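Since we're looking at a predicted model, the values are computed, not measured. Reckoned from all heavy atoms, side chains included, excluding hydrogens, waters and symmetry mates.
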Amino acid sequence: MGHRQVRRAFDIVTALITLILFSPFILAAMIAIRIESKGSPVYRQHRVGKNGEPFEMLKLRTMRQGHDPVGVGTAVTAGDPRVTNVGALLRRGALDELLNLVNVVRGEMSIVGPRPTIAAQVELYTDEQRRRLEIKPGITGWAQVNGRAGIGWEERIELDIYYVDHRSAALDAKILARTPRVLLAGSGVNATGGADSELPASWKREKTED
């Protein structure tokens with residue numbers, strides 16, 4: 001079995017086990033989201049995957065229905081009325097991203113890799129920055145354990161490219177080992193618990209919930 005097959009097998013097994021273990025929590029979160037605000041508890045957004053291929057990313061909804069941040073161009077700040085009470089709790093530990101595991105099972109994402117972004121941001125990439133699209137996007141990654149949204153967007157892309165160039169089982173293990181500590185500490189998480197960070201002025205025409 002080649003390295004690619006081993007990685008894919010790891011992704012599927014890890015995603016399925018985690019989904020099974022967290023299924024009671026996911027169900028409870030969905031019920032709580034639905035009780036607090038109208039609309040589906042599942043948030044769907046088109047993101048850019050490997051080689052620029054689009055896919056529909058799934059998350060637990062953290063904002064009120066009809067307040068999708070794409071196109072708003074503003075960061076999610078403390079007291080943001082778009083974020084529900086349940087959503088704020090989910091965002092603190094990135095628990096809204098548990099449904100990304102479904103994307104992993106479907107083969108659109110990996111457990112470890114650069115976080116997927118939206119098409120409008122990719123359009124502004126330089127040729128070098130587009131290299132972060134050479135591999136599948138991930139749930140956690142080198143940028144997430146080295147500052148997450150607490151660092152500038154361009155620096156995050158540089159960290160993603162570093163991962164593309166140095167990807168290995170050892171580096172993946174290092175990232176996975178660091179991830180729980182980062183989430184528990186809330187590193188790189190803003191006042192509402194989200195992983196949002198301010199984009200350069202020229203990038204503000206689009207904003208993601210990530």
K.L.:
Kindly compute the distance separating CD1 (Ile161) from CD1 (Ile157), expressed to the nearest 0.5 Å.
P.N.:
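Answer rounded to 0.5 Å: 7.0 Å.
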
K.L.:
Please tell me if the side chains of Arg61 and Val42 come closer than 4.5 Å, counting only heavy atoms from C-beta onward.
P.N.:
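A side-chain contact is absent here, since even the closest heavy-atom pair is not under 4.5 Å.
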
K.L.:
How far does NE2 of His46 sit from CZ of Phe55, to the nearest 0.5 angstrom?
P.N.:
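His46 atom NE2 to Phe55 atom CZ measures 10.5 Å (nearest 0.5 Å).
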
K.L.:
Could you walk me through whether Glu36 and Asn85 pass side chain to side chain contact (heavy atoms under 4.5 Å, CB included), step by step?
P.N.:
CA-CA 8 Å; Glu36 184 178 11; Asn85 293 326; 3.2 Å; yes

K.L.:
List in chain and number order the residues that pass side chain to side chain donor-acceptor pair (under 3.5 Å) with Glu158, two or more places apart in sequence or in another chain; answer none if no residue qualifies.
P.N.:
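Glu158: no side chain to side chain donor-acceptor pair (under 3.5 Å) contacts found.
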
K.L.:
Under the side-chain hydrogen bond (donor to acceptor under 3.5 Å, both in side chains) criterion, do Tyr43 and Gln45 qualify, and how do the steps go?
P.N.:
CA-CA 7 Å; Tyr43 173 79; Gln45 187 182 58; 3.0 Å; yes

K.L.:
Could you tell me which non-hydrogen atom of Pro180 sits nearest to which non-hydrogen atom of Leu176, and how far apart they are?
P.N.:
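Scanning both residues completely, I find the closest heavy atoms to be CD-O, 3.1 Å.
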
K.L.:
Can you find a heavy atom in the side chain of Trp153 that is under 4.5 Å from one in the side chain of Thr117?
P.N.:
yes

K.L.:
For Glu155, enumerate each residue passing the side chain to side chain donor-acceptor pair (under 3.5 Å) test, keeping only those at least two apart in sequence or located in another chain.
P.N.:
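Here no residue qualifies.
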
K.L.:
Between Ala29 and Leu60, which heavy-atom pair has the shortest distance, and what is it?
P.N.:
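Scanning both residues completely, I find the closest heavy atoms to be CB-CD1, 4.0 Å.
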
K.L.:
Side-chain contact, heavy-atom cut-off 4.5 Å: Arg64 with Arg82?
P.N.:
no

K.L.:
Answer yes or no: is there a donor N or O on one side and an acceptor on the other, between the side chain of Asn103 and the main chain of Leu58, under 3.5 Å?
P.N.:
yes

K.L.:
For Arg167, enumerate each residue passing the salt bridge (charged side-chain N to carboxylate O under 4.0 Å, His left out) test, keeping only those at least two apart in sequence or located in another chain.
P.N.:
none

K.L.:
Filter on salt bridge (Lys or Arg N to Asp or Glu O under 4.0 Å), then keep only pairs touching residues 5-23, sequence neighbours left out; what's left?
P.N.:
Arg7-Asp172

K.L.:
Please identify each residue that fulfils side chain to side chain donor-acceptor pair (under 3.5 Å) with Glu134, with sequence neighbours left out.
P.N.:
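So Glu134 forms a side chain to side chain donor-acceptor pair (under 3.5 Å) with Arg131.
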
K.L.:
Met57 vs Met109, test: side chain to side chain contact (heavy atoms under 4.5 Å, CB included). Steps then yes/no.
P.N.:
CA-CA 9 Å; Met57 190 181 76; Met109 292 179 63; 4.2 Å; yes

K.L.:
Taking only residues two or more places apart in sequence, or in another chain, which ones meet Thr14 in a side chain to side chain donor-acceptor pair (under 3.5 Å)?
P.N.:
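Once residues adjacent in sequence are excluded, Thr14 has no partner under the side chain to side chain donor-acceptor pair (under 3.5 Å) criterion.
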
K.L.:
Distance from Asp165 atom CG to Trp142 atom CH2, nearest 0.5 Å?
P.N.:
13.5 Å

K.L.:
Looking at Leu99, is its backbone amide N or carbonyl O close enough to the side chain of Lys59 to form a donor-acceptor pair, meaning the two atoms are under 3.5 Å apart?
P.N.:
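A pair under 3.5 Å: no.
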
K.L.:
Please enumerate all residues that pass salt bridge (charged side-chain N to carboxylate O under 4.0 Å, His left out) together with Glu53, with sequence neighbours excluded.
P.N.:
none

K.L.:
Transitively linked via ILVMFWY side-chain contacts under 4.5 Å: Ile20 with Leu101?
P.N.:
no

K.L.:
Using the side-chain contact (heavy atoms from CB on, under 4.5 Å) criterion, which residues pair with Asp160? Sequence neighbours excluded.
P.N.:
Pro114, Arg132, Ala143

K.L.:
Of all heavy-atom pairs between Ala15 and Val104, which one has the smallest distance, and what is that distance?
P.N.:
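Scanning both residues, the minimum pair turns out to be CB-CG1, 3.8 Å.
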
K.L.:
With Leu95, which residues qualify under side-chain contact (heavy atoms from CB on, under 4.5 Å), at least two apart?
P.N.:
Phe25, Leu90, Leu98

K.L.:
Only counting residues at least two apart or in another chain, list the ones meeting ring pair (Phe, Tyr, Trp, His ring centres under 6.0 Å) with Phe22.
P.N.:
none

K.L.:
Quick check: do Glu97 and Asn100 have side-chain heavy atoms less than 4.5 Å from each other?
P.N.:
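With C-beta onward as the side chain, the pair touches.
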
K.L.:
The criterion is side-chain contact (heavy atoms from CB on, under 4.5 Å); which residues satisfy it with Arg34, sequence neighbours excluded?
P.N.:
Lys38

K.L.:
Side chain of Arg91, backbone of Asp96: donor and acceptor closer than 3.5 Å?
P.N.:
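Side chain of Arg91 to backbone of Asp96, a donor-acceptor pair under 3.5 Å: no, none is there.
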
K.L.:
Under the side-chain hydrogen bond (donor to acceptor under 3.5 Å, both in side chains) rule, what do Thr84 and Ser37 come out as? Steps first, then yes or no, please.
P.N.:
CA-CA 8 Å; Thr84 64; Ser37 61; 5.4 Å; no

K.L.:
Tell me, do Ile139 and Val112 make a side-chain contact under 4.5 Å, heavy atoms counted?
P.N.:
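They are not in side-chain contact.
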
K.L.:
Whether the side chain of Gln129 engages the backbone of Thr126 through a donor-acceptor N/O pair (distance < 3.5 Å, no angle test) should be reported.
P.N.:
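Side chain of Gln129 to backbone of Thr126, a donor-acceptor pair under 3.5 Å: yes, one is there.
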
K.L.:
Atom CG in Leu89, atom CD1 in Ile33: separation rounded to 0.5 Å?
P.N.:
10.5 Å

K.L.:
Is the side chain of Glu108 donor-acceptor paired with the backbone N or O of Gly49 at a distance under 3.5 Å, no angle test?
P.N.:
no

K.L.:
Under 3.5 Å, is there a donor-acceptor pair between the side chain of Gln144 and the main chain of Thr179?
P.N.:
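It does not hold such a pair.
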
K.L.:
Where is the tightest heavy-atom contact between Pro116 and Val48, given as atom of each residue plus distance?
P.N.:
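Nearest heavy atoms, Pro116 then Val48: CB-O, 4.0 Å.
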
K.L.:
Can you list everything that forms a side-chain contact (heavy atoms from CB on, under 4.5 Å) with Ile31? Sequence neighbours excluded, please.
P.N.:
Leu27, Ile35

